[in-house]
Number of protein chains: 2
Amino acid sequence: MKNTSKHDCKTELRNADLKVTPARLGILGALENTSKPLDIVSLIKYLNISKIKADRVTVFRIINALVIKGLVKPIQFNDGKLRYEHMSKADHHHFICGECGDIEDILECNVEKIEKNIQKKKGVLVKYHSLEFFGLCSRCKK
Amino acid sequence: MKNTSKHDCKTELRNADLKVTPARLGILGALENTSKPLDIVSLIKYLNISKIKADRVTVFRIINALVIKGLVKPIQFNDGKLRYEHMSKADHHHFICGECGDIEDILECNVEKIEKNIQKKKGVLVKYHSLEFFGLCSRCKK
DNA sequence: ATGGTTGCAAACACTTTGCACATGA
DNA sequence: TCATGTGCAAAGTGTTTGCAACCAT
């Protein structure tokens, strides 16, 4: 019961028409086992720890493929780089402190309702949304 | 009645402890006269049309100052570059088509309530938030 | 076998920094 | 006058592209 992610990742990849490779398994695993959104550097570190070696470029390519396939969503904290989150964990949002970079989870937002509303009204397809709050955390505020 | 933004921009700058310069007036004016968020290149184009010459670097510096002073907020459409919006126009959100890049305004979201809630619960200071929807527009959907 | 995947080098795009000169208050 | 703002050159960071070698199916 503890961790079936390895198997899940394989089927996830197959369902997305992506071949199963160590780097892809590692990246999906990283995103499933981590609570905070990960940037490319963090993903590479995770892979290194897991004894999986993968070039920076490969990580970018894998992440982009996962985003296109809808398995992963990109998040921007306005610091110039993208972070990524597994779709299954994308049901919450974030508060980002502009001073210390601290990230806190924000749970109590129901954007799905708005999302459906937009789809109906505008005739568009919403794949994902981003809702992030920027400011100063309780410590930096003072 | 038509356009008092020039005067407003001056006082806006003074209130923010920023000296009044042509480039700064031009950038503030651009952001107040345009409905869609502008990236750096668009701002430079706008300045050129207004016969104001300013180096790319200067535009970055001015924008950063305006963001820090809270006059302008940055927006990310996940395409690798920041766009900027005047705070007085930041009361709506966006839908971005991942295929053609089309941007549509989304009006019907009341995030301010959530924002206040977060400030109270977490003891943080929320300066601004981002809420953007990503997907396919009605044309690209087909 | 073969088409998708990877590594490496290089290019690209966006943004920041350092420093001398110019300018607004 | 003098702190602040600007231009230019250069560097920094994040990301993409081209191509040959490699590997999963």
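In what follows, every chain begins at residue 1, and chains take the letters A, B, ... in the order their sequences are listed. Just so it is clear, the model here is predicted, and its values are computed rather than measured.
A side-chain donor-acceptor contact under 3.5 Å links A:Asn15 to the backbone of A:Thr11. No donor-acceptor distance shorter than 3.5 angstrom exists from the side chain of A:His94 to the backbone of A:Ile96, with no hydrogens or angles considered. In this structure, the side chain of A:Lys141 engages the main chain of B:Gly123 through a donor-acceptor pair within 3.5 Å. Judged by distance alone, with hydrogens and angles left aside, the side-chain atoms of B:Gln119 form a donor-acceptor pair with the main-chain N or O of B:Val126 at under 3.5 Å. When atom types are taken as modelled, the side chain of B:Arg24 and the backbone of B:Lys19 share a donor-acceptor pair closer than 3.5 angstrom. Although no hydrogens or angles enter the test, the distance criterion places no donor-acceptor pair under 3.5 Å between the side chain of A:Lys127 and the main chain of B:Leu136.
Classification of the A:Phe134-B:Tyr128 ring pair by plane angle, with boundaries at 30° and 60°, yields parallel.
Regarding B:Ile62, its CD1 atom lies at a distance of 15 Å from the P atom of C:dT15, rounded to whole Å. The distance between atom CG of B:Leu82 and atom C1' of C:dT15, rounded to the nearest whole Å, is 9 Å. One interatomic measurement links the two molecules: CZ of B:Phe77 to P of C:dC14, which rounds to 15 Å at whole-angstrom precision. Separating the CZ atom of A:Phe60 from the P atom of C:dC8 is a distance of 16 Å, rounded to the nearest angstrom. Atom CG in B:Asp55 sits about 14 Å away from atom C1' in C:dC21, given to the nearest Å. The CZ-C1' distance, from A:Arg14 to C:dG4, rounds to 15 Å in whole Å. Atom C1' of nucleotide C:dA13 and atom CD1 of B:Ile44 are separated by 13 Å, given to the nearest angstrom. Regarding A:Asp79, its CG atom lies at a distance of 17 Å from the P atom of C:dC14, rounded to whole Å.
Here C:dT6 is the nucleotide among C:dC8, C:dT6, C:dC14 with the atom lying nearest to any side-chain atom of A:Thr21. Checking C:dC14, C:dA9, C:dT6 against every side-chain atom of A:Ala23, the shortest atom distance belongs to C:dT6.
Heavy atoms of other residues, nucleotides or ligands lying less than 6.0 angstrom from CD of A:Glu99 number 12 at most.
When each of A:Glu132, A:His129, A:Glu104 is checked for a side chain to side chain donor-acceptor pair (under 3.5 Å) with A:His93, only A:His129 meets the rule.
At a threshold of 4.0 angstrom between heavy atoms, the contacts of B:Asn64 are confined to the sugar-phosphate backbone, with no base atom among them. Within 4.0 Å (heavy atoms only), A:Lys81 reaches sugar-phosphate atoms of the nucleic acid but no base atom. Note on A:Arg61: a base of the nucleic acid sits closer than 4.0 angstrom, heavy atoms only.
Running 5' to 3' along DNA chain D, contacts with non-hydrogen atoms of chain A at under 4.0 Å begin and end at D:dG14 to D:dT25.
Nearest-nucleotide positions on DNA chain D place B:Lys19 closer to the 5' end than the other of A:Leu18 and B:Lys19. DNA chain C is contacted by both A:Val59 and B:Val41; A:Val59 maps to the nucleotide lying nearer its 5′ end (nearest heavy atom per residue).
Side-chain N/O atoms of A:Thr58 include none lying less than 4.0 angstrom from OP1 or OP2 on C:dT5. Side-chain nitrogen and oxygen atoms of B:Arg56 include none within less than 4.0 Å of the OP1 or OP2 phosphate oxygen of C:dT15.
Scanning both residues, B:Ala30 and B:Leu43, for their nearest heavy atoms gives CB-CD2, 3.8 Å.
Between the two ends of the helix from C:dA1-D:dT25 to C:dA25-D:dT1, each summarised by a five-pair axis, the helix axis turns through 40° (rounded to 10 degrees).
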